[in-house]
Amino acid sequence: MDLLKSTQTVIKEALEKLGYQDSMFELLKEPLRVLTVRIPVRMDNGEVKVFTGYRAQHNDAVGPTKGGIRFHPAVTEDEVKALSIWMSLKAGIVDLPYGGGKGGIICDPREMSFRELERLSRGYVRAISQLVGPTKDIPAPDVFTNSQIMAWMMDEYSAIREFDSPGFITGKPISLGGSHGRETATAKGVTICIREAAKRRSIDLKGARIVVQGFGNAGSYLSKFMHDAGAKVVGISDAYGALYDPNGLDIDYLLDRRDSFGTVTKLFTNTITNKELLELECDILVPAAIENQITGANAHDIKAKIVVEAANGPTTLEATKILTERGILLVPDVLASAGGVTVSYFEWVQNNQGYYWSEEEVEEKLEKVMVRSFENIYSLSQTRRVDMRLAAYMAGVRKMAEASRFRGWV
Ligand code: NAD
């Protein structure tokens with residue numbers, strides 16, 4: 001089942017559990033708006049290449065839509081739609097005044113020069129500028145986009161609108177109104193979820209064996225935070241392979257050696273595969289790379305007691321069922337990876353008020369939001385006797401459905 005279909009399946013189930021009629025599902029099953037754009041870019045060799053991009057706005061009943069922009073060769077319209085729905089759910093779960101949005105461009109930034117990337121980023125903003133804005137739809141980084149790309153996009157938007165618009169986009173460099181703590185926010189949020197989940201399963205994090213798939217923004221910082229908390233990170237991976245050491249890997253060394261795309265295993269010869277990594281003996285497994293990694297084919301072989309999804313969509317619905325039946329606690333993506341959008345919200349608030357917070361203030365606020373959200377979803381899953389994914393979807397759609405009803409849309 002593809003990502004959009006499986007998301008719609010769980011949304012339907014969540015709305016039914018909450019007692020909503022079919023018309024609410026009809027409203028929420030797809031984004032309200034999806035814009036497809038064609039972006040001509042003059043490449044360094046003088047030729048013009050035309051790229052395809054998307055911006056999806058799932059639901060703006062609660063407030064402006066918000067969500068990242070992905071640069072990847074495998075971007076599709078359906079993927080962008082599904083990701084925009086997940087952003088709505090995340091905003092509902094951590095209780096932000098937003099709906100979900102998402103953007104993507106079909107491209108491979110690893111094969112483009114710095115200047116080509118700048119021209120593509122500016123071209124995308126010109127193409128979507130009518131649809132976005134600080135009170136309409138606020139973009140952010142996602143896979144293969146970073147603070148430099150956000151800076152170009154903000155500059156282009158400010159030039160079009162003829163006023164400084166830091167609140168147009170989040171994930172900016174600190175000197176352009178970015179927030180302290182944004183870079184590590186997703187990993188911090190995942191770390192808090194791991195700590196809370198471990199408490200529920202009486203696992204002491206000191207000495208606990210952790211396996212992390214993916215060593216990019218989310219996976220590498222997470223490995224560092226786990227290592228610093230006294231856990232033993234016994235396995236990590238990237239797109240090319242995985243490293244395993246039952247005594248714990250030297251995370252500081254690996255962090256130092258990884259490249260900007262999260263690649264590090266190429267430096268080693270004694271690697272294992274990503275498939276073997278997922279099936280390692282460990283206490284906590286964190287998929288932090290890509291979709292569809294734990295499926296019906298390997299869910300029976302997962303040895304972890306807790307799986308915390310830092311990536312979007314790493315576990316299929318079939319695998320969710322198998323893991324739950326096996327008594328493995330699964331903390332779903334829409335909760336575990338919501339630290340990023342939470343600190344993006346903090347950045348937007350700081351831009352709007354023109355008053356900036358210290359790193360400690362950001363961390364303290366993030367801690368409160370994540371602990372409260374985890375507790376809400378965990379207790380909802382216990383009282384309604386559902387897995388944490390369904391509980392998270394129930395919590396995530398509730399405010400959006402209420403707001404849509406109050407507005408008279410359904
Ligand atoms: P990234 O591009 O920085 O890193 C991705 C990592 O995954 C790299 O180490 C890469 O080598 C690895 N990888 C790629 N293909 C792989 C494969 N086939 N098998 C194993 N590993 C593979 O991306 P990121 O920002 O760390 O995001 C990772 C996941 O977390 C994505 O699903 C993303 O949507 C999700 N996420 C990220 C954020 C954020 O703020 N960065 C927020 C929410 C969710």
Side-chain angles (χ1 to χ4, degrees), residues 3-4 6-21 23-33 56-68 81-102 136-138 140 170 185-186 189-190 192-193 196 309 312-313 330-346 348-349 365-366 368-381 383-384 386-407 409-410:
L3 290 180
L4 182 58
S6 60
T7 305
Q8 290 169 336
T9 304
V10 190
I11 289 207
K12 194 169 188 2
E13 216 180 323
L15 287 168
E16 279 168 8
K17 287 254 178 227
L18 294 170
Y20 282 100
Q21 293 174 342
S23 50
M24 189 61 82
F25 174 66
E26 285 303 310
L27 176 71
L28 299 182
K29 73 179 186 187
E30 292 261 346
L32 289 175
R33 283 176 286 279
Q57 298 175 342
H58 174 241
N59 184 285
D60 52 11
V62 171
T65 47
K66 172 121 195 61
K81 283 182 181 180
L83 287 162
S84 76
I85 300 176
W86 290 343
M87 289 308 297
S88 283
L89 294 167
K90 287 185 197 187
I93 287 165
V94 289
D95 198 14
L96 307 179
Y98 291 140
K102 203 80 184 189
K136 281 164 119 180
D137 181 12
I138 307 129
T170 59
T186 302
V190 178
I192 294 165
C193 286
E196 295 301 308
E309 296 180 330
N312 282 309
L330 176 74
V331 184
D333 45 10
V334 284
L335 167 63
S337 70
V341 67
T342 303
V343 177
S344 269
Y345 164 64
F346 295 163
W348 180 75
V349 169
K365 287 181 169 68
L366 176 64
K368 276 195 191 132
V369 169
M370 291 305 298
V371 169
R372 185 191 62 212
S373 306
F374 186 97
E375 278 170 6
N376 281 346
I377 309 286
Y378 187 78
S379 61
L380 188 61
S381 80
T383 51
R384 299 295 295 261
V386 295
D387 61 56
M388 276 187 83
R389 187 181 313 283
L390 183 52
Y393 272 58
M394 288 165 70
V397 293
R398 199 176 349 224
K399 188 169 164 192
M400 180 168 43
E402 276 301 295
S404 300
R405 201 173 54 79
F406 275 124
R407 283 178 185 266
W409 291 356
V410 173

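Residues take their numbers from the sequence shown, with the count starting at 1.
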Do other residues, nucleotides or ligands put more than 12 heavy atoms under 6.0 Å from the CD atom of Gln21? no
Asp60 side-chain N/O to Thr65 backbone N/O, donor-acceptor pair under 3.5 Å: no
Enumerate donor-acceptor pairs with a distance under 3.5 Å from any side-chain N or O in residues 391-398 to protein atoms, sequence neighbours excluded.
residue, atom, partner, partner atom, Å
Tyr393, OH, Trp86, NE1, 3.2

Evaluation steps, side-chain contact (heavy atoms from CB on, under 4.5 Å), between Asp387 and Leu330: CA-CA 8 Å; Asp387 61 56; Leu330 176 74; over 6 Å; no
Check: Lys29 and Ile11 side chains under 4.5 Å, non-hydrogen atoms: no
Take Leu4 and Gln8 through the test side-chain contact (heavy atoms from CB on, under 4.5 Å) and record every step on the way to the result. CA-CA 6 Å; Leu4 182 58; Gln8 290 169 336; 3.8 Å; yes
If we only count heavy atoms from C-beta on, is the Asp333 to Arg389 side-chain gap below 4.5 Å? yes
Keeping the roles fixed (side chain from His58, backbone from Lys81), state whether a donor-acceptor pair exists under 3.5 Å. no
Can you name the salt bridge (Lys or Arg N to Asp or Glu O under 4.0 Å) partners of Glu196, sequence neighbours left out? Lys199, Arg200
Salt bridge or not for Lys399 and Glu402, using N-O below 4.0 Å? no
Atom pair CG/CG of Asn59 and Leu28 - distance to nearest 0.5 Å: 5.5 Å
What I'd like to find out is whether the side chain of Pro332 reaches to under 4.5 Å of the side chain of Glu309, using heavy atoms alone. yes
Please answer whether the main-chain N or O of Ala56 pairs with a side-chain N or O of Lys102 as donor and acceptor at a distance below 3.5 Å. no
Side-chain heavy atoms of Met24 within contact of Leu18, under 4.5 Å: no
Under 3.5 Å: donor-acceptor pair, side chain of Arg384, backbone of Lys17: yes
Go through the steps to decide whether Leu32 and Leu27 satisfy the test side-chain contact (heavy atoms from CB on, under 4.5 Å), and finish with yes or no. CA-CA 8 Å; Leu32 289 175; Leu27 176 71; 4.0 Å; yes
For Tyr98, which residues count as a ring pair (Phe, Tyr, Trp, His ring centres under 6.0 Å) partner, sequence neighbours excluded? Tyr345, Trp348
So, the side chain of Ser381 versus the backbone of Met388: is there a donor-acceptor pair under 3.5 Å, distance only? no
